[in-house]
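See below for the structure under consideration.
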Amino acid sequence: MSDLPEYYFRVRENGAAVFRISTENRQRRIEMDEIAVINIRNGSVKPHGDHVLTDEEHEVIADWMEERRAVLAERDLDDIHRAIDYLNLTTHWAQSRASDEDLEEVTDRLLLAMHDLRSVLVRKKADRLMAGASDAQVDNAAE
C-alpha cells in the first residue's frame, strides 16, 4: 500500500472534519479517527470529543486552512471569469437564437441582476477612486 498522509480533511460546506489516519493495527486496516472540526469562514477549530489537539495538529490544520482559503479564493475568481463568459454567450444567444417567448421568460430577471451588479461595481469603483485620491493627497502633503 502506498504511504498515506497522516491527516485527512473531509471537506464540508463551511470547513472540514479532520481525521488522523492510522494503519498501525494487526490487520493493517485504515482507521480514521476524527480529531477536530474546523470552520474556514471564522477560523474556529473545535477538537472532537475528548481529543486534545497537539501543537503538530494545530500546525497541520492551520496550514490546511491557509491552503484551502487560497483554493477557494482562486475558485471564486475563476467563477467570475466564467460569469463574464456566460454574459457574453447570453448576449449572443439573445441576439441570434432566442425566441420572443425565451426573451419574455428571462428579460426582467436578467435586467434586474445586471442592474444590481452594475450598481455594486460602480459604487466599489468609486470607493477605490476616492481612496486612491485620498492616498495621493496624503503622499503630496508628506512631500
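When reading the values below, keep in mind they use all heavy atoms of this one structure, side chains included, and skip hydrogens, waters and symmetry mates. Count residues from 1 along the sequence.
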Using a 3.5 Å cut-off and no angle test, enumerate the donor-acceptor pairs between side-chain atoms of residues 93-112 and protein atoms at least two apart in sequence or in another chain.
residue, atom, partner, partner atom, Å
Ser96, OG, His92, O, 2.7
Ser96, OG, His92, NE2, 3.4
Ser99, OG, Glu101, N, 3.4
Ser99, OG, Glu101, OE1, 3.3
Ser99, OG, Asp102, N, 3.0
Ser99, OG, Asp102, OD1, 3.4
Ser99, OG, Asp102, OD2, 3.2
Asp102, OD2, Ser99, N, 3.2
Thr107, OG1, Leu103, O, 2.4

Quiz item: Does one hydrophobic cluster hold both Tyr7 and Val11, with members joined at side-chain heavy-atom distances below 4.5 Å?
Solution: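 They do share one cluster, since a chain of ILVMFWY contacts under 4.5 Å joins Tyr7 to Val11.
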Quiz item: Would Leu53 and Ile38 show up in the same hydrophobic cluster when neighbours are defined by side-chain heavy atoms closer than 4.5 Å?
Solution: yes
Quiz item: So, do Glu34 and Arg10 sit near enough that their side-chain heavy atoms are less than 4.5 Å apart?
Solution: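 Glu34 vs Arg10: side chains apart.
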Exercise. Please tell me if the side chains of Val37 and Arg12 come closer than 4.5 Å, counting only heavy atoms from C-beta onward.
Key: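 Sidechains of Arg12 and Val37: in contact.
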Roughly how far, to the nearest 0.5 Å, is the [atom2] atom of [Y] from the [atom1] atom of [X]?
{"X": "Met114", "Y": "Leu87", "atom1": "CE", "atom2": "CG", "answer": "7.5 Å"}
{"X": "Met32", "Y": "Ile21", "atom1": "CE", "atom2": "CD1", "answer": "4.5 Å"}
{"X": "Asp85", "Y": "Thr90", "atom1": "CG", "atom2": "OG1", "answer": "10.5 Å"}
{"X": "Glu6", "Y": "Glu56", "atom1": "CD", "atom2": "CD", "answer": "5.0 Å"}

Please set out all donor-acceptor pairs under 3.5 angstrom arising from side-chain atoms of residues 119-130, sequence neighbours excluded.
residue, atom, partner, partner atom, Å
Ser119, OG, His115, O, 2.9

Practice problem: Give a yes or no on whether Asp55 atom CG has more than 12 heavy-atom contacts from other residues, nucleotides or ligands under 6.0 Å away. | Solution: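 No, because the 6.0 Å sphere around CG of Asp55 holds 12 heavy atoms or fewer from other groups.
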Exercise. Mind listing the closest non-hydrogen atom pair of Pro47 and Val45 along with its distance?
Key: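 Minimum heavy-atom separation between Pro47 and Val45: CD-O, 3.7 Å.
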Result block: side-chain N/O donor-acceptor pairs under 3.5 angstrom for residues 60-79, not counting sequence neighbours:
residue, atom, partner, partner atom, Å
Arg69, NE, Ile40, O, 3.3
Arg69, NH2, Ile40, O, 3.0
Asp78, OD2, Arg82, NE, 2.8
Asp78, OD2, Arg82, NH2, 2.9

